[in-house]
Amino acid sequence: MGSRKIAIMASGDGTNAEAIMQWCQKNPQLAQVVVLLSDQKDAYVLTRAQNYKVPCLCMSYPTSRTERPAHEEKMSQALLEFGAEWVFLAGFMRVLGKAFLRPWASEQFYKIANIHPSLLPAFKGAHAYQDAFEEGVKNSGVTIHLVTEALDNGPILLQKSFPRHEDDDFNTFKARGRSLEGPLWHEFLELWSRGQLMVPSKAGGHDAISSL
Ligand code: GAR
């Protein structure tokens with residue numbers, strides 16, 4: 001299958017991006033990170049990318065909503081120019097519209113995967129750990145799913161759950177979830193790069209997502 005070319009998008013500290021870059025560094029025959037794009041110019045993830053010698057792009061979102069489609073189209077084009085075949089959202093805190101998604105369309109899905117810190121479909125949105133904690137759940141988790149136009153709603157590829165302990169405060173609860181995120185990317189990359197992650201196909205069977 002050859003080495004697959006990945007673009008990472010991230011907005012913050014970058015622990016998820018680092019987990020992906022680390023795995024690719026160890027498995028260059030399976031996948032390589034060709035570019036990392038952030039929407040935040042001061043995000044620490046940019047430093048992490050430089051440490052891995054991954055080319056970085058910083059593209060801040062325009063404040064005006066009407067300028068966003070053109071901006072998103074530009075972001076996609078920039079990633080394609082680096083040769084990216086798939087996009088992994090690793091803590092990218094923007095909702096991507098059609099203008100971004102379009103060039104990544106395959107037969108029925110977009111070649112874009114996202115990590116979300118809850119057991120989807122529960123607790124969509126930007127504050128999932130907090131929302132789950134405040135709701136008093138006994139278990140929460142982390143999910144990697146394919147991206148669709150609807151927020152945090154695409155086909156679920158992998159999930160891992162963790163328990164809430166009786167003496168948890170928000171920080172200990174969240175830390176337990178955060179510790180699962182990097183390992184979940186590693187598990188995802190192992191399966192994805194070998195064509196072992198399946199989604200329902202149009203014809204009624206299942207397709208390996210890496211062949212989309
Ligand atoms: C992670 O907890 C990730 O699950 C979450 O943002 C954090 C990024 O951390 N993503 C979302 O909430 C997406 N809706 P990082 O910058 O250290 O990778």
Side-chain angles (χ1 to χ4, degrees), residues 6-25 31 33 35-52 54 56-61 68 72 75 86-97 100-101 104 110 112-135 137 139-164 168-189 192:
I6 301 166
I8 297 177
M9 291 171 70
S11 303
D13 184 29
T15 58
N16 281 273
E18 177 141 8
I20 297 167
M21 293 187 289
Q22 196 182 57
W23 189 92
C24 290
Q25 196 177 59
V33 181
V35 60
L36 181 142
L37 185 153
S38 181
D39 58 325
Q40 301 294 329
K41 65 176 176 10
D42 298 323
Y44 187 62
V45 70
L46 293 168
T47 305
R48 292 188 198 261
Q50 281 155 16
N51 291 342
Y52 280 83
V54 166
C56 293
L57 292 173
C58 182
M59 295 177 77
S60 310
Y61 261 63
R68 287 193 190 164
E72 289 195 335
M75 289 201 305
W86 271 80
V87 179
F88 292 169
L89 305 179
F92 188 71
M93 301 309 279
R94 298 268 180 183
V95 180
L96 293 163
F100 180 86
L101 301 179
W104 307 98
Y110 296 107
I112 307 175
N114 177 47
I115 188 157
H116 183 77
S118 76
L119 287 178
L120 286 174
F123 306 111
K124 297 175 181 177
H127 310 287
Y129 281 129
Q130 197 176 336
D131 296 343
F133 183 77
E134 283 170 9
E135 184 83 12
V137 295
N139 283 288
S140 195
V142 290
T143 301
I144 293 180
H145 66 96
L146 289 178
V147 170
T148 57
E149 277 134 50
L151 178 68
D152 298 331
N153 202 39
I156 290 171
L157 302 172
L158 283 180
Q159 273 186 327
K160 196 150 237 110
S161 67
F162 65 91
R164 178 201 190 107
D168 267 346
D169 59 21
F170 174 61
N171 290 328
T172 55
F173 173 80
K174 180 175 172 180
R176 197 167 303 116
R178 294 279 279 147
S179 72
L180 299 178
E181 294 183 1
L184 195 68
W185 276 117
H186 288 179
E187 191 179 336
F188 167 84
L189 284 157
W192 169 84

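We count ligands from 1, going down the list as the structure has it; atoms in each ligand are counted the same way. All residue numbers in this chain count up from 1 along the given sequence. Since this is a predicted model, take the numbers as computed values, not measurements.
- Nearest to atom 2 (O) of ligand 1 among the protein's heavy atoms is E181 OE2, 2.8 Å.
- Checked against E18 for a side chain to side chain donor-acceptor pair (under 3.5 Å), the options Y44, W23, Y52 give a single hit: Y52.
- Taking the charged nitrogens against the carboxylate oxygens, K124 and D131 have no contact shorter than 4.0 Å, which rules out a salt bridge.
- Selection from N16, I8, V142 by nearest heavy atom to atom 18 (O) of ligand 1 gives N16.
- Ligand 1 places these atoms under 4.0 Å from at least one heavy atom of R178: 1 (C), 2 (O), 7 (C), 8 (C), 9 (O), 15 (P), 17 (O).
- Of all protein heavy atoms, the one lying nearest to atom 17 (O) of ligand 1 is T15 OG1, 2.6 Å.
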field: Full working for salt bridge (Lys or Arg N to Asp or Glu O under 4.0 Å) between E72 and R94
entry: CA-CA 11 Å; E72 289 195 335; R94 298 268 180 183; over 6 Å; no
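- Ring geometry for H145 versus H116: interplanar angle over 60°, hence perpendicular rather than tilted (30 to 60°).
- For ligand 1, the polar-atom distance check finds no N/O of Y129 at less than 3.5 Å from any of the ligand's N/O atoms.
- Not a single heavy atom of E18 lies less than 4.0 angstrom from ligand 1.
- Close placement of the W192 and W86 rings is indicated, their centers lying within 6.0 Å of each other.
- With respect to atom 14 (N) of ligand 1, the closest heavy atom belonging to the protein is H116 ND1, 3.5 Å.
- Close contacts of ligand 1 with D13, meaning ligand atoms under 4.0 Å from a residue heavy atom, involve 16 (O), 17 (O).
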message: Is there a side-chain contact (heavy atoms from CB on, under 4.5 Å) between I144 and N114? Walk through the geometry before answering.
response: CA-CA 6 Å; I144 293 180; N114 177 47; over 6 Å; no
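- With atom 15 (P) of ligand 1 as the reference point, the heavy atom nearest to it among A10, G14, G12, A90 is part of G14.
- For atom 6 (O) of ligand 1, the nearest non-hydrogen atom from the set G91, G125, A19 comes from G91.
- Ring centroids of F88 and F188 are separated by less than 6.0 Å, placing the two rings close together.
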